[in-house]
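Reviewing the structure listed below.
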Amino acid sequence: MNTQAHAIFNLALLGRKQHPEWNPLIIWGALIPDLAMFSFYALLIGICIPDSQIWREEYYRPFWQNVFDLFNSIPLALIGVALMLRFKRTGLALLFASVVLHCLEDLPLHVDDGHRHFWPLSQFRFESPISYWDPNHYGNIAAPIEIVLALLVSIYVFNRVRSRWTKGLLIFSNAFSLLMLLYFVF
């Protein structure tokens with residue numbers, strides 16, 4: 001899934017109108033699993049490695065796969081949830097819960113580019129028949145569905161969040177998503 005969709009869905013599922021102070025933590029939790037990938041991409045593009053090499057070769061190198069899997073580990077995030085609940089840190093528990101949701105949302109939408117979501121307990125990597133981006137694996141259907149769902153859920157989330165910052169992020173994210181939808185349609 002696209003990163004902004006994770007943030008929108010996770011706010012809808014975990015956010016509480018009476019606790020707007022938790023929203024930034026939920027958003028950060030939705031972003032954390034993809035931060036390693038963004039850093040990886042920025043680093044490699046910064047040293048002038050072409051996009052095609054980044055996504056066809058470098059992405060699949062064992063070092064990078066281990067880094068990505070660390071940030072996408074459901075067991076590690078669940079330990080974070082349990083520890084934060086134990087120490088009565090609800091906001092931080094929601095951050096880790098948002099990481100777990102991100103991973104669960106990704107599971108059905110990655111073909112050969114998914115992660116070992118159960119690392120370090122297992123080396124298993126689920127390969128879905130559906131991709132959120134690859135047209136060879138229904139990405140031309142999944143991507144527009146994801147965008148439309150995120151737009152619809154945004155209406156619900158927009159009415160629940162109080163902060164101008166969060167509302168602004170929703171508007172920006174949806175404008176970007178609409179551009180992506182127009183790209184897929186036309």
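Note that CD1 of Ile32 and OG1 of Thr3 are 12.5 Å apart. Values are rounded to the nearest 0.5 Å. To the nearest 0.5 Å, atom CH2 of residue Trp119 and atom CG of residue Leu121 are 9.5 Å apart. Taking CZ from Phe176 and CD1 from Ile147, the interatomic distance works out to 8.5 Å, rounded to the nearest 0.5 Å.
Between the Ser98 side chain and the Ala30 main chain, a donor and an acceptor come within less than 3.5 Å of each other. Remark: side-chain polar atoms of Gln65 are paired, donor with acceptor, to backbone N or O of Tyr59 under 3.5 angstrom. When atom types are taken as modelled, the side chain of Arg116 and the backbone of Ser122 share no donor-acceptor pair closer than 3.5 angstrom. Distance alone, capped at 3.5 Å, is enough to place a donor-acceptor pair between the Asn72 side chain and the Pro33 backbone. Side chain of Asn2 to main chain of Gln4: no donor-acceptor pair is present (N/O by atom type, distance under 3.5 Å, no hydrogens or angles).
The nearest pair of heavy atoms linking Met1 to Glu146 is CA-OE1, 3.5 Å.
Between His19 and Trp22, the ring planes lie parallel to each other; the angle is under 30°, not in the 30° to 60° tilted range. Relative ring orientation between Trp55 and Tyr41 is described as parallel, the plane-to-plane angle staying below 30° on a 0-90° scale split at 30° and 60°. The aromatic rings of His6 and His102 sit parallel, their planes meeting at an angle under 30°, below the 60° perpendicular limit.
Each of Tyr60, Phe63, Phe68 was checked for a ring pair (Phe, Tyr, Trp, His ring centres under 6.0 Å) with Phe40, and the lone residue meeting it is Phe68.
Using modelled atom types and a 3.5 Å distance limit, the side chains of Thr166 and Asn23 yield no donor-acceptor pair.
Hydrophobic clustering (side-chain heavy atoms under 4.5 Å, transitive across Ile, Leu, Val, Met, Phe, Trp, Tyr) groups Leu94 together with Val153.
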